[in-house]
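Reading through the structure tokens given below for one structure.
Position 1 is the first residue of the sequence; numbering continues from there. Remember, it's 1-based here, ligands and their atoms both numbered in the order they're listed. In this text, all values refer to a predicted model and were calculated from it rather than measured experimentally.
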Amino acid sequence: MTRETSSASEGIKSLLRENIRNIVPYSTARDDCKARMDIYLDANENPYPNGVNRYPSPHQPGLKSKLSVIRKIPAGNIFVGNGSDEPIDLVFRLFCPPGKSSMIQAVPTYGMYSVAAAINDVRVINVPLNPDFTLDAGLLLSKVEEDTRVIFLCSPNNPSGNLLDRGEILSILDNFSGITVVDEAYIDFAGSDSFAALIEKYPRLIVLQTMSKAWGMAGLRIGLAIADKLTVSVMSGVKYPYNVSVLNQARAEELLENPLAMYDRVREIRKERSRLASALSCLDRVVTVYPSDANFLLVKFRDKDRAFDELFGAGIIVRDRSSAYGCGDCLRITVGTPEENDRVISVLSGQEHTGFAVQKGPGKGRTASCFRKTGETAVSVRVDLDNFRKPEIATGLHFFNHMLEQIGFHGGIALDIVCFGDLAVDDHHSIEDVAIALGDCLKEALGDKAGIGRYGFCLPMDEAEAFVLMDLGGRIDFRWEVPLHGQTVGDVSSQMFSHFFKSLSEHLNCNLHVRAAGDNDHHIIEGVFKAFARALGQAVSRTPSGNVIPSSKGWL
Ligand SMILES: *Cc1c(COP(=O)(O)O)cnc(C)c1O
């Protein structure tokens, strides 16, 4: 492992510009003294507090640890820049000797790559995407020259909106010996796996992401590069020391702490994207609405100037991309709020009111959300007992994430959980506080429990024997007979599983009896979570008996 990592780092080292390889980074006062002191007289700061009189942390550890949870990437593999522009520029500064190197980009694509290349005196080789904007890796690789140091790919691509084919990107990663950048500014809208998971396998891969789009922080200028640790540390040594301001770091951390609102907005934008796309594609004046995995649509019009002017006249500005390669007669339209999209549709269809009414969701239903913050953790949970959708789970513990996902999938409920906890200490607080917040949230969503099945049973699951009995009647009786063999399962302490279900039963007010056995701890625990999920799904589901409280007493 160590040997592999160090040889990966050797590979990167040989790709760095010589002057960069030899640079000794500027060491800030905060680099030199990381201890927490009473009095700081080492940075020539003004001692009188006004909220911004101290320099920001140069390596943004607080922000990175939250990003690490959300992105499921170790903090040491994350570089935080002043927008994505900073890592784009740094890629050239690190790897491309000015006047003596070239980069390849697949056009049409984001304009900043070629601007940053020009600033750094790096020659740009444009390789066209296919007419439907798909990537031809073979064609691109055939254009690699002796001095080509970097390939820029943007997926989902701006301005075309589509994800590039995974296999084609992999073929570039497998066959190009320089640096490959995959810009995933729009990945959160795509519902597909990020290439960030592959940085260990491909140390010469740099994945760019941003807080500007899905996360709604364009004003904060926070862009990420996710890459091999050596690349990240060299970027950190070359950047301006205090590249992300105190206010920007603090606001980003605050917004990240409760990301469920962001997940909601992304879902809403994706829904609106398909509504807007189908409405536009019905119009005679529209030739093509290109398929989009991003938060915008590239639309080819019969007369794009007229469409642009009509929108402009109605106070709506969109982007004319018709001069980009392969984008003749195209406008790029960002997906807005439902009301804004309605306006676009009504202006372009020449109608005051369109037939495409905004779909209003049903009432509150059996949903609940809670945000629970202590000295040790900040936990957000949301459940919807009547509408399944893919769970969004991030706790910083991979195995625990995976188990919590089972509750959503096998319980047939919508479940989102994000927990920022003191994992540097251990997993105890994170797991306990997720259990408490989840229990509280399920209880609130159940409301008066009218019409529920109340009981849940589950018998052997495939992998291991797991029995879970549940009664949502309101009393608490917890039993746990699950012998485990090791100290940990995945990255979670074995003893925390009983603690998790005990806290959960106490906060959900339920009887919960769990029994399981098997040879393999992973299978046993997975069986327990799946069986729990099935039992929960049964117990919370509404029975055909209607709105009756399932108790002879008439209340629960
Ligand atoms: C918007 C966008 C970015 C993000 O830029 P920031 O500087 O992080 O705001 C990066 N890449 C592409 C392709 C984009 O469209």
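Interface of G83 with ligand 1, defined as ligand atoms under 4.0 Å from a residue heavy atom, comprises 7 (O), 8 (O). Heavy-atom proximity to S212, at under 4.0 Å, picks out these atoms of ligand 1: 6 (P), 8 (O), 9 (O). Close approach to D85 involves these atoms of ligand 1, each under 4.0 Å from a residue heavy atom: 7 (O). Counting atoms of ligand 1 from 1 in the listed order, those under 4.0 Å from a heavy atom of C154 are 13 (C).
Closest protein heavy atom to atom 15 (O) of ligand 1: Y186 OH, 2.6 Å. With hydrogens left out, the protein atom closest to atom 11 (N) of ligand 1 is D183 OD2, 2.6 Å, a heavy atom. Atom 2 (C) of ligand 1 has its closest protein heavy atom at K213 NZ, 2.4 Å.
Between Y113 and Y110, the ring planes lie perpendicular to each other; the angle is over 60°, past the 30° to 60° tilted range. Under the 30°/60° scheme for interplanar angles, the aromatic rings of Y242 and Y55 are found to lie parallel.
At least one heavy atom of R221 sits closer than 4.0 Å to an atom of ligand 1.
D329 places no side-chain N or O within 3.5 Å of a backbone atom of R302 that could act as its donor or acceptor partner.
Side chain to side chain, T28 and D31 meet the donor-acceptor criterion of an N or O pair below 3.5 Å.
For R149 and F95, the positive end is not near the middle of the six-membered ring at less than 6.0 Å and at most 45° from its axis. Figure legend: R319 and F296 shown without cation-pi pairing, the cationic atom not lying both under 6.0 angstrom from the six-membered ring centre and within 45 degrees of its axis.
Contact annotation: for A185 versus ligand 1, heavy atoms closer than 4.0 Å belong to the side chain alone.
Of the candidates S84, P159, G81, A218, S84 brings a heavy atom nearest to atom 4 (C) of ligand 1.
Residue R382 is tested with S369, C370, P391 for a side-chain contact (heavy atoms from CB on, under 4.5 Å); the sole match is S369.
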